[in-house]
Amino acid sequence: MKVTVSRKAHFNAAHRLYRPDWSSEQNDAVFGKCNNPNFHGHNYDLIVSVTGEIDPVTGYVMDVKILKDFIKSEVEDAFDHKNLNLDVPEFKNLNPTAENIVVVIYNKLKAVLDQHLELEVTLYETPRNFVSYDGK
Ligand code: NI
């Protein structure tokens, strides 16, 4: 029997979507407003879900306080009020699309969680646009 424990989180960050090897016309055609050279911001919302067996001693899949602390140290402290392109090393050579951001967040959290726990991360770039990654 497996149960999923989830926690919501939030960060604000700026980004620009572009490929330096493309012309500005090509970048505009593919990335539109997200190619604004002076960057723009999003209010990102996050749902982190951890699935595993219930520990018979504690009754927890994992202590949500510990999950909260991991999200703070790995995601909020790293991304909140940052320029993803300029301030976050993972995006130095990686376009900070919602798809790439959710994979980076997954990898950071997966590295600190107990190995037996399954992880899924859902990232909302806007209230209507969101992406998910579970490591597959
Ligand atoms: Ni954008």
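This structure is a prediction, so every number in the text was calculated from the model and none was measured. Indexing begins at 1, ligand by ligand and atom by atom, following the structure's order. These numbers come from the heavy atoms of this one structure, side chains and all, not from hydrogens, waters or symmetry mates.
Counted within 6.0 Å of NE2 on H10, heavy atoms from surrounding residues, nucleotides or ligands total more than 12; the atom is thus considered enclosed.
At a cut-off of 2.8 Å, measuring from the Ni ion (ligand 1), the protein N, O or S atoms that fall short of it are H15 NE2, C34 SG, H40 NE2, H42 NE2, waters left aside.
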| request: Could you walk me through whether F31 and Y18 pass the ring pair (Phe, Tyr, Trp, His ring centres under 6.0 Å) test, one step at a time? | output: CA-CA 7 Å; F31 298 118; Y18 75 109; 8.2 Å; no
Tabulate below the donor-acceptor pairs under 3.5 Å that side-chain atoms of residues 52-60 make, not counting sequence neighbours, or state none.
unit_1	atom_1	unit_2	atom_2	d
D55	OD1	V57	N	2.7
D55	OD1	T58	N	3.4
T58	OG1	Y60	N	3.1

Would you be so kind as to tabulate the donor-acceptor pairs closer than 3.5 Å made by side chains of residues 108-121, with sequence neighbours excluded?
unit_1	atom_1	unit_2	atom_2	d
K108	NZ	E74	O	3.1
K110	NZ	L117	O	3.0
E118	OE2	K2	NZ	2.6

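Sorted by first and then second residue, the salt bridge (Lys or Arg N to Asp or Glu O under 4.0 Å) pairs with a member in residues 14-27 read R19-D21; sequence neighbours excluded.
Salt bridge status for K8 with D45: absent, with no side-chain N to carboxylate O gap under 4.0 Å.
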